[in-house]
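Just so you know, these numbers use all the heavy atoms, side chains as well, and skip hydrogens, waters and symmetry mates. Per chain, numbering begins at 1; letters A, B, ... match sequence-line order. The model shown is predicted, which means the values in this text are computed figures rather than measured ones.
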Amino acid sequence: MINITLPDNSVRIYPKGTTSLEVAKSISEGLARNVLSAKVNGEVWDALRPINSDATIKLFTWEDAEGKATMWHSSAHLMAEAIEFFYPGVKFGIGPNIENGFYYDIDFVDYTISSDDFKKIETKMLEIAQKKNQFIRKEVSKTEALDYFTKKNDTYKLELISDLEDGTISLYESGNFVDLCRGPHLADTSSIKAIKLLSIAGAYWRGDEKRKQLTRIYGITFPKQKELTEYLAMLEEAKKRDHRKLGKELELFAFSQKVGMGLPLWLPKGADLRMRLEEFLKKVQKKAGYLQVMTPHIGNKELYVTSGHYEKYGKDSFQPIKTPEEGEEFLLKPMNCPHHCEIYNIKPHSYKDLPIRLAEFGTVYRYEQSGELHGLTRVRGFTQDDAHIFCRPDQVKEEFLSVIDIVLYIFKTLDFKDFVTQISLRDPNNKEKYIGSDENWEKAENAIKEAATEKGLKTVVVEGEAAFYGPKLDFIVKDAIGRNWQLGTIQVDYNLPERFELEYTGSDNQKHRPVMIHRAPFGSMERFVAVLLEHCAGKFPLWLTPVQAILLPISEKYMEYSKKVLHLLNISDIRTEIDERNEKTGKKIRDAELQRIPYMIILGEKEEAEGNISIRKQGEGDLGTFTIEEFVKMINIEVNNLIEF
RNA sequence: GCCGAUGUAGCUCAGUUGGUCAGAGCAGCUGAUUUGUAAUCAGCUGGUCGGGGGUUCGAAUCCCUCCCUCGGCUCCA
């Protein structure tokens with residue numbers, strides 16, 4: 001008999017070789033039906049894997065991330081089985097679960113396959129799933145494993161096996177399909193009730209572009225049809241919010257092949273929005289002691305040789321441009337920091353001057369591979385809300401606190417309620433990979449951790465993720481429909497102060513090297529606008545939206561009165577437009593609603609006679625009649641409530 | 001850059017096996033209408049069907065090639 005400890009610390013006694021499924025059954029039939037896998041002594045196991053000694057276990061159902069992972073991993077096997085049925089002789093690469101579903105990389109050899117084939121594969125998968133095939137784990141020797149896949153002529157599996165150690169190899173059999181797999185898997189296929197294959201794409205074997213490209217098929221499964229329906233609705237919603245679509249519809253930005261791919265054109269409304277965001281941040285930064293600077297769009301190649309960026313990222317820059325006479329080489333600015341270092345170096349600094357915070361909305365250009373470009377989130381020319389803080393090592397923590405305050409304020413103002421931060425530290429086993437003294441690294445890493453703790457941030461610490469030049473703190477927000485976006489970043493840098501020989505004179509009258517902090521709360525204006533646009537589905541907060549109110553005269557007869565109102569609102573700093581078209585009110589309202597204009601003001605006989613206005617709120621409907629003064633006051637209160645720092 | 005898909009008026013999309021197939025709705029323009037909370041009516045103007053080759057008596061439709069876009073891969077200071 002063995003003792004099984006459950007998460008509530010209760011201990012139950014079972015025969016040796018019991019499975020977590022049996023444990024679940026002994027608790028309740030319902031739990032047994034829902035259990036997908038279990039954590040046994042810290043490791044996720046199949047629900048059917050026998051437990052042979054005392055163990056602490058936690059059962060996973062669909063509600064747990066681990067349960068979903070197990071289901072999706074098994075679903076990948078199920079898909080492989082269905083594919084092997086239709087395309088015998090295909091070779092399988094890897095088929096893992098991912099954040100939302102799973103994929104399998106497959107070499108289809110001589111077959112061609114497209115998304116048109118998904119339907120039949122899905123149907124076959126459901127058919128197999130209903131057979132309730134168990135997933136049977138077999139631990140095999142390396143020789144046995146090699147034998148099996150040699151017979152199958154599955155070269156990819158053979159390569160994977162050859163990298164594994166003997167004694168650690170397991171196969172999983174389910175129905176007619178056997179796969180090399182670490183597991184864990186479902187007890188059987190019957191809990192997979194709803195299946196959708198989502199997309200098909202090429203993927204290099206082992207992510208290496210020099211190796212063969214396999215066909216990757218993505219899919220997702222659920223234990224209930226309803227959940228699949230909901231998931232597909234979420235994808236639809238994401239499609240509706242796509243910033244590329246909304247950007248076009250709301251006339252915020254555009255691209256032109258003639259101008260060049262990946263080079264956004266900001267249309268009047270988009271430019272208005274972006275400038276408002278910039279002004280907003282400038283105001284906050286001014287309060288936080290930043291100094292605004294400006295630097296040119298090109299810089300001498302030597303500048304980037306000095307910074308080290310040319311060597312590391314030269315291939316990702318546009319080709320240098322040359323002066324016709326001297327043959328001097330210039331690069332389109334790929335980043336602002338070297339310029340800011342040179343500004344720091346313009347004059348000598350005392351320790352009393354620090355920190356010096358130089359800020360710039362600096363437009364930079366990077367050569368992104370053509371296949372990588374994507375709307376505003378991945379472009380070849382973009383503007384960073386950049387700043388570089390030059391400070392003493394003992395000031396790092398305080399500066400982090402201050403930057404965190406700015407980021408939190410921005411998130412609050414723009415209604416990003418859900419976010420986590422990631423602290424990236426150096427790999428403790430590979431300290432020689434990094435530049436800068438042990439002492440400084442330790443100081444900076446502790447400063448970041450302390451700052452995050454003091455601000456009560458939800459934090460994930462990842463070792464080995466730091467840049468070679470310093471540790472960093474990244475902000476990852478969850479948008480309105482649950483997707484994660486990495487936005488702001490704060491990074492410590494020991495490298496550039498070294499390379500640019502930055503100095504300050506300490507109280508000891510000796511020269512010291514300042515620490516540099518890079519930070520960009522938005523990341524880039526382009527990316528941030530894209531994320532914000534998708535987050536709010538085009539309904540920007542009132543203080544930010546390009547047009548706050550639109551006047552809708554019932555007919556031409558009320559045009560004169562409408563223009564009077566327009567003038568009054570505009571001099572009250574309410575961004576107002578007027579719909580002068582000869583259209584019915586219903587049409588004007590519809591168009592204003594689609595343009596996501598927060599307030600529609602309807603003006604007809606009644607309003608003109610009484611000298612007031614009727615207000616309709618976007619998405620809500622008629623609010624009734626107000627005086628102009630009341631409306632102005634209402635708007636001002638709403639705006640001020642939103643942006644008080 | 002690589003694999004796959006796609007590319008038809010400003011926008012969203014129809015176009016059967018190559019043969020009045022250059023279309024619709026919206027937008028735009030003109031006129032009528034003078035309008036009360038999500039589309040008033042009528043008429044008109046828009047396109048060398050992504051570019052360039054080729055096959056054919058004949059190509060939006062078939063083939064080749066290049067380009068953009070989309071989904072991934074790789075990359076991302």
Separation of B:rA5 C1' from A:Q213 CD (nearest whole Å): 14 Å
Gap in Å between the two P atoms, one belonging to B:rC73 and one to B:rU8, rounded: 26 Å
First encountered from the 5' end of RNA chain B, between A:L373 and A:C337: A:L373
For nucleotides 37-41 of chain B, give me every protein contact, N/O to N/O, under 3.5 Å, one pair per line with atom names.
residue, atom, partner, partner atom, Å
B:rU37, O3', A:R616, NH1, 3.2
B:rU37, O2', A:R616, NH1, 2.9
B:rU37, O2, A:R616, NH1, 3.4
B:rA38, N7, A:R616, NH2, 3.2
B:rA38, N6, A:E593, OE1, 3.1
B:rA39, N7, A:R590, NE, 3.2
B:rA39, N7, A:R590, NH1, 3.1
B:rA39, N7, A:R590, NH2, 3.4
B:rA39, N6, A:R590, NH2, 2.5
B:rA39, N1, A:R590, NH2, 3.4

NZ/NE/NH1/NH2 to OD/OE distance under 4.0 Å, A:E463 and A:R426: no
Sugar-phosphate only, base, or nothing, as touched by A:M261 at under 4.0 Å among non-hydrogen atoms: sugar-phosphate
Residue pairs fulfilling salt bridge (charged side-chain N to carboxylate O under 4.0 Å, His left out) with at least one residue in residues 519-540 of chain A, sequence neighbours excluded: A:R274-A:E526, A:R483-A:E534
Closest to side chain of A:M335, choosing from B:rU34, B:rA77, B:rU69: B:rA77
Residue matched to B:rG47 through Watson-Crick or wobble contacts both under 3.5 angstrom: none
Spacing between A:L487 atom CG and B:rC76 atom P, to the nearest angstrom: 20 Å
Out of B:rA77, B:rG1, B:rC73, whichever nucleotide has its closest atom nearest the side chain of A:S370: B:rG1
Whole-Å gap separating P (B:rG1) and NZ (A:K315): 16 Å
Span that lies between the C1' atom of B:rU17 and that of B:rC11, in whole angstrom: 32 Å
Same-atom distance (C1') from B:rA14 to B:rA24, integer angstrom: 7 Å
Pairwise P distance, B:rU16 and B:rA32 [rounded to whole Å]: 42 Å
Residue matched to B:rC57 through Watson-Crick or wobble contacts both under 3.5 angstrom: B:rG19
Positions of residues 375-391 of chain A (non-hydrogen atom under 4.0 Å from RNA chain B), listed by number: A:R378
Closest nucleotide among B:rG36, B:rU69, B:rU34 to the A:K557 side chain: B:rU34
Ionic contact status for A:R241 with A:E237, cut-off 4.0 Å: yes
Rounded interatomic separation in angstrom, taking CG from A:L263 and P from B:rC68: 13 Å
Whether over 12 other heavy atoms sit under 6.0 Å from A:K563 NZ: no
Syn or anti conformation of B:rG23, syn meaning chi within 90° of 0: anti
Side-chain N or O of A:Y218 closer than 4.0 Å to phosphate OP1/OP2 of B:rC73: yes
hbond_proxy A:Y204 side chain to B:rG1 base (donor-acceptor, 3.5 Å cutoff): yes
Separation of B:rG71 C1' from A:F118 CZ (nearest whole Å): 10 Å
Electrostatic pair A:K212:A:E159 at N-O distance under 4.0 angstrom: no
Gap in Å between the two C1' atoms, one belonging to B:rA9 and one to B:rA60, rounded: 14 Å
Base partner of B:rC75, which must satisfy Watson-Crick or wobble distances under 3.5 Å: none
Nucleotide forming a Watson-Crick or wobble pair with B:rC41, both distances under 3.5 Å: B:rG31
Sugar-phosphate only, base, or nothing, as touched by A:H374 at under 4.0 Å among non-hydrogen atoms: sugar-phosphate
Electrostatic pair A:D105-A:R216, nearest N-O below 4.0 angstrom: yes
Same-atom distance (P) from B:rC70 to B:rC49, integer angstrom: 23 Å
Nearest-angstrom distance, P atom, B:rC64 to B:rG46: 36 Å
A:K120 to A:F86, cation-pi by 6.0 Å centre distance and 45° axis angle: yes
Distance, rounded to the nearest Å, where A:D105 contributes CG and B:rC73 contributes P: 10 Å
Salt bridge (Lys or Arg N to Asp or Glu O under 4.0 Å) partners of A:D163, counting only residues at least two apart: A:R206
Carboxylate-amine/guanidinium contact A:E465 A:K472, below 4.0 Å: no
Rounded distance in Å - CZ (A:R527) to P (B:rA77): 12 Å
Side chain to side chain, A:F390 and A:C341, heavy atoms closer than 4.5 Å: yes
Value in whole Å for how far the C1' atom of B:rA5 lies from CG of A:D117: 13 Å
Salt bridge (Lys or Arg N to Asp or Glu O under 4.0 Å) against A:K584, all qualifying residues, sequence neighbours excluded: none
A:R590 and A:E593 ion-paired at < 4.0 Å: no
Over all atoms of both residues, closest heavy-atom pair of A:P546 and A:L273: CD-CD1, 4.2 Å
Nucleic acid contacts of residues 239-257 of chain A, taken as heavy-atom distances under 4.0 Å to RNA chain B: A:R244, A:K248, A:Q257
Nearest-neighbour nucleotide for the A:Q369 side chain, B:rC2, B:rC68, B:rG1 considered: B:rG1
Rounded distance in Å between the P positions of B:rA27 and B:rC63: 38 Å
salt_bridge(A:K240, A:E236) N-O dist < 4.0 Å: no
